[in-house]
Novice: 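Okay, here's the structure, questions in a sec.
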Amino acid sequence: MTNQFDFILFWPGVTCCLQQILGAMESQVGGGPAGPALPNGPLLGTNGATDDSKTNLIVNYLPQNMTQDEFKSLFGSIGDIESCKLVRDKITGQSLGYGFVNYSDPNDADKAINTLNGLKLQTKTIKVSYARPSSASIRDANLYVSGLPKTMSQKEMEQLFSQYGRIITSRILVDQVTGVSRGVGFIRFDKRIEAEEAIKGLNGQKPLGAAEPITVKFANNPSQKTGQALLTHLYQSSARRYAGPLHHQTQRFRLDNLLNMAYGVKRFSPIAIDGMSGLAGVGLSGGAAGAGWCIFVYNLSPEADESVLWQLFGPFGAVTNVKVIRDFTTNKCKGFGFVTMTNYDEAAMAIASLNGYRLGERVLQVSFKTSKQHKA
DNA sequence: TACAATT
C-alpha cells in the first residue's frame, strides 16, 4: 500500500489514481473537524526557540478511515517529513479526520499545499494549510451556531461574527439534496477569548432584521463523547432492528387502514379545495427525503430509535424520513421525533390513529409539526 | 418534559 502511493504520486492525474486506491476505504458521513493545532514533535534549537510556521501543515477533512501509514505516504511523496501525526480519538483510536505534517524543507510544505490542497479523496475534499503555532489560547475556539436565517450565506455569517475576532474556518450545513441551509453552522475563531466574546455578543440576538434569535455556543468536540455513547452511536448507525412485540400492532394498523378505506372513510383533502390556505404553519415541507408532511411525535422513550417510527408510521403510507431527536452527549432520545410522509391523506390518517396511542408505558402525542411552538 | 440540526 505504502509503495503504491509512493509510486503513483509521481505521476500526473494523481487524483484519479488516489481515488482508485482509496476507493476501498469505507465511506463515512461527517467531516473532519478543523482541529486545533497540536504539538507536533517540536524540535527545540539550542536557543530554545522553534519556528515551524513555514514547515508545519494542518490537514483537514481526511477520509475517516485513512490510516497513519496512508497519511504519511501521501504527504511523504512530496518531500522529507520531519514528523507527522494523524489525530485520533483518545478512547476509540478512530481518526478525527485531521492531522499534522511537519516537513524538513519549507519548500516542500509549500509544494504540499499547492499539490494536495483540494484533493478529492472519496467523499472528502482535503484541506492543506499552514498550522498555527500550538497554544492553549487557540484551543476550544470553535462555536456551534443554530437558528440562523435560511437565507444567510456563509459570508454573511462571517461578517456577523468577524467583529469579535479572526475567523479561521466557518461553515453552514446544508440539506444534501436541495442545498438549502439548515440554519446551523460553525465558526472557529483564532482565539478562545474571541469565541467567548462572540457568545456574549451574539447568543440570543437577532441578526440584521432576522425574525428569530440565534443560538451561539461552544461546539461539542467528538472526542469528548463518552466511549459508551460512541459505541451506542456506532451500533445505532449500522444495526437494522426488526420488530419484536411491536409487529402485531403494525399489522393491526394496516388492517384498520384497509378497513377505513374499504368502508369509505371521509377523505378530506384541503389541498384540493382551498390550496392549503387553511394549513399555514403546519408541516408541509421540502427536505432531504423529498417534499412531504412533517409530523411531530411526542413522548417517545429515551431508548426510542428510528425503527420504532418506521414501524408505527409505515403502515399508513409512504414514509420518506424519520428522525429521533437525541441529546448529542448522551445519545438518549429527548422525548420526541419527526416523521415525513408524502401524502396528506396518509399523514392525517396516521395522526388520527396514532395520537393517543399507548406505546409501552407512554401515550404518544402526534400532530403535524408546527414551525413555531408558540403558534397554534 | 413539548417542535431538531454538531463540519
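First the proteins, then the strands, lettered A, B, ... as listed; each starts at 1. Predicted model, so just to flag it, every value in this text is computed and none were measured.
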Novice: B/dT6 C1' sits how many Å from A/Tyr144 OH, rounded?
Specialist: 5 Å
Novice: Output yes when at least one side-chain N/O atom of A/Lys334 is less than 4.0 Å from OP1 or OP2 of B/dA5, else no.
Specialist: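 It does, given that an N or O in the side chain of A/Lys334 lies less than 4.0 Å from OP1 or OP2 of B/dA5.
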Novice: When you measure from the side-chain N and O atoms of A/Arg182 to the phosphate of B/dT6, is any distance below 4.0 Å, counting only OP1 and OP2?
Specialist: yes
Novice: Could you tell me how far apart A/Phe328 (CZ) and B/dA4 (P) are, to the nearest whole angstrom?
Specialist: 16 Å
Novice: Could you state the CZ-P distance from A/Phe186 to B/dA5, rounded to the nearest angstrom?
Specialist: 11 Å
Novice: Assuming nearest nucleotide by heavy-atom distance, tell me which of A/Ile187 and A/Tyr298 is located more 5' along DNA chain B.
Specialist: A/Tyr298
Novice: Among all residues two or more places apart in sequence or in another chain, which pass the salt bridge (charged side-chain N to carboxylate O under 4.0 Å, His left out) test with A/Glu197?
Specialist: A/Lys200
Novice: Mind running side-chain contact (heavy atoms from CB on, under 4.5 Å) on A/Val184 and A/Val145 for me, showing each step along the way?
Specialist: CA-CA 6 Å; A/Val184 176; A/Val145 187; over 6 Å; no
Novice: Could you check how far CZ of A/Phe218 sits from P of B/dT7, rounded to whole Å?
Specialist: 18 Å
Novice: Could you give the CG-to-C1' distance, from A/Asn321 to B/dA4, as a whole number of Å?
Specialist: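 Those two atoms, CG and C1', are 11 Å apart.
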Novice: Expressed in angstrom and rounded to an integer, what is the separation of A/Leu148 atom CG from B/dT6 atom P?
Specialist: 14 Å
Novice: Would you mind reading off the distance between A/Ile172 atom CD1 and B/dT6 atom C1', rounded to a whole angstrom?
Specialist: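 Distance, rounded to whole Å: 14 Å.
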Novice: Roughly, in whole Å, what's the span from CZ in A/Phe189 to P in B/dT7?
Specialist: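 Atom-to-atom, A/Phe189 to B/dT7, this comes out as 19 Å.
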Novice: Which heavy atom of A/Val101 sits nearest a heavy atom of A/Asn56, and at what distance?
Specialist: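 Of all heavy-atom pairs spanning A/Val101 and A/Asn56, the closest is O-OD1, 3.3 Å.
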Novice: Could you tell me which residues satisfy side-chain contact (heavy atoms from CB on, under 4.5 Å) with A/Thr125, sequence neighbours excluded, listed by chain and number?
Specialist: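 For A/Thr125 the side-chain contact (heavy atoms from CB on, under 4.5 Å) partners, ignoring immediate neighbours, are A/Lys120.
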Novice: What contact category does A/Leu173 fall into here, base, sugar-phosphate, or nothing, at under 4.0 angstrom with non-hydrogen atoms?
Specialist: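 If one applies the 4.0 Å heavy-atom cut-off, A/Leu173 turns out to touch the sugar-phosphate alone, with no base involved.
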Novice: Considering only side-chain heavy atoms of A/Arg171, which listed nucleotide, B/dA4, B/dT7, B/dA2, is closest?
Specialist: B/dT7
Novice: Step by step, would you call A/Asp175 with A/Arg182 a salt bridge (charged side-chain N to carboxylate O under 4.0 Å, His left out)?
Specialist: CA-CA 6 Å; A/Asp175 184 286; A/Arg182 295 167 68 195; over 6 Å; no
Novice: May A/Tyr61 be described as stacking on the base of B/dT7, applying a 5.5 Å centroid limit and a 30° limit on plane angle?
Specialist: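 According to the criterion (under 5.5 Å, under 30°), no, A/Tyr61 does not stack.
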Novice: Closer to the 5' end of DNA chain B via nearest nucleotide, is it A/Asn299 or A/Phe338?
Specialist: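 Between the two, 5'-proximity favours A/Asn299.
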Novice: What's the closest nucleotide to the A/Asn142 side chain, out of B/dA5, B/dT7, B/dT1?
Specialist: B/dT7
